[in-house]
2 protein chains.
Amino acid sequence: MINPKKLRDAGAILKNYKRGEVLFYEDAIARYYYQVDQGEIKMNNYNQEGKEYIQGIFAKGKSFGEPPLFADFTYPANAEAIIDSKVWQLPKDKFLKLLEENPEIHHKFTSTLALRLYYKAIMVSEISTQEPEHRILRILDYFKKNNTTDKTDSLSYKVELTRQQLADLTGLRVETVIRSIKKLEQKGELSIKNRKVYR
Amino acid sequence: MINPKKLRDAGAILKNYKRGEVLFYEDAIARYYYQVDQGEIKMNNYNQEGKEYIQGIFAKGKSFGEPPLFADFTYPANAEAIIDSKVWQLPKDKFLKLLEENPEIHHKFTSTLALRLYYKAIMVSEISTQEPEHRILRILDYFKKNNTTDKTDSLSYKVELTRQQLADLTGLRVETVIRSIKKLEQKGELSIKNRKVYR
DNA sequence: TTCATTTTATGATCTTAATCATAAAGTAAG
DNA sequence: CTTACTTTATGATTAAGATCATAAAATGAA
């Protein structure tokens, strides 16, 4: 996350997006650095049959869609508002200038990319070799880690993801997620209180 | 890739690894920046049943295993020499100092991470939503793009990967890869000359 | 507060890639 | 040159998750 004040000073503007609105499409050329101010943005792909894969969900303070700003390639996925959102938008050249003039921001930014690469490396391995329950737990733990400081395994973290979103994040079908979650509850790996998952 | 001369000046040493030798294991703490001087290194994961997933294959000039140097996490995968190799090894603190003192190297390095993130985003989406033939073509095109400047679709690029490696890169089984490749040949998407794949 | 949509749920059936079995060709090691 | 291992190959069977069908709750919009 870059300090919003710094962003504004560098020339960023705050844009509003309604639930369902698309910020950019897969294969488009990247022109801006984006950072969530309010709301939730997802990046996703659809295959020929319309099956969705969610690359990531970005909440307050998170940036997304930066990699294509650094090299000659287009967006690997779409970006869409999950709920009504406000997003900082900084033109590419101004963003690169900002990094250039602020080595500490550049370093922090590199760390962010590194962490995202780490997450992707784990997920691609999970999806290709692990069974549904294992994959789901990984996603839950990733969201828990990113949204709490709680390091216990007390099943106290409330998962704010629908079964469908979990399916789209893990490459599974919603029915499979529902059934797997039930099994995980029986095994004591998570708990379900009026339909909400706790991990 | 960082200029080998610069690496050596910064304090890097050149280490030898025999085919099959492991440079580091998953979950270990990262201590060095690595860059291939000669040979081939793969990064991979194994699941409980021993099924392998290959995160990437790194040839001459490519670096690997850098992300954990930037934040407080461990290696997401193992690194192993596919063939006898020589690898530059630079201690973490010296590597970070090198980036700090050379903004142009830092920027280039960020581009490398960005490109890798792009590749991972594509592969995770492919693996989770696409059928075998589609996945295999993606990997072939990725390797073609990274190893030639040839932009034609002349089926002139010789793929130096075994069927098993293709399987481990795509999360498929070797038999499935063999059968898919045959179908792709019939469709004219690739050609096979004495068992070697051309794309 | 009614209606439409989304989310969660469950059972039955199907399909695709995994698995299992076996072997020939190619390569490397001694 | 022989032996061991790796790679490619192919057919038969199986199993896991996808798909299909249906519906009750829950949520949200008008």
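These numbers were taken from a predicted model, which means no experiment stands behind them. Below, chains carry the letters A, B, ... as their sequence lines are ordered, and counting in each starts from 1.
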message: Stem list for DNA chain D, please, built from Watson-Crick and G-U wobble pairs under 3.5 Å and keeping only runs of at least 3.
response: C:1-30 with D:1-30

- request: Write down the distance between CD1 (A:I136) and P (C:dT8), rounded to a whole number of angstrom.
  value: 12 Å

query: For A:I127 and C:dA17, what is the distance between atoms CD1 and P respectively, to the nearest whole Å?
result: 17 Å

task: Among Ile, Leu, Val, Met, Phe, Trp and Tyr joined by side-chain contacts under 4.5 Å, find the other residues sharing a cluster with A:L115 and list them by chain and number.
output: A:Y118, A:I122, B:F73

field: Pairing residues for A:R8 by the side chain to side chain contact (heavy atoms under 4.5 Å, CB included) criterion, not counting sequence neighbours
entry: A:K5, A:W88

message: Is the distance between the ring centroids of B:F64 and B:Y75 under 6.0 Å?
response: no

- prompt: Using links of under 4.5 Å between side-chain heavy atoms of ILVMFWY residues, direct or through other members, which residues join B:I178 in one cluster?
  reply: B:V174

Under 3.5 Å, sequence neighbours excluded: what are the donor-acceptor pairs made by side chains of residues 29-38 of chain B?
unit_1: B:Y33; atom_1: OH; unit_2: B:Q35; atom_2: OE1; d: 2.7
unit_1: B:Q35; atom_1: OE1; unit_2: B:I2; atom_2: N; d: 2.9
unit_1: B:Q35; atom_1: NE2; unit_2: B:I2; atom_2: O; d: 2.9

statement: In whole angstroms, the gap separating C1' of C:dT19 from CG of B:N47 amounts to 14 Å

message: One character per nucleotide, please: for nucleotides 7-20 of chain D, 5' to 3', B when the base has a protein heavy atom closer than 4.0 Å, S when only the sugar-phosphate does, - otherwise.
response: BSBBBB----SSBB

field: Listed partners of A:K144 passing side-chain hydrogen bond (donor to acceptor under 3.5 Å, both in side chains), at least two apart
entry: none

- prompt: Cluster partners of B:V22, using ILVMFWY side-chain heavy atoms under 4.5 angstrom, listed by chain and number?
  reply: B:Y25

Side-chain polar contacts of residues 189-197 of chain A - donor-acceptor pairs under 3.5 angstrom, sequence neighbours left out - could you list them?
unit_1: A:E189; atom_1: OE1; unit_2: A:R199; atom_2: NH1; d: 3.2

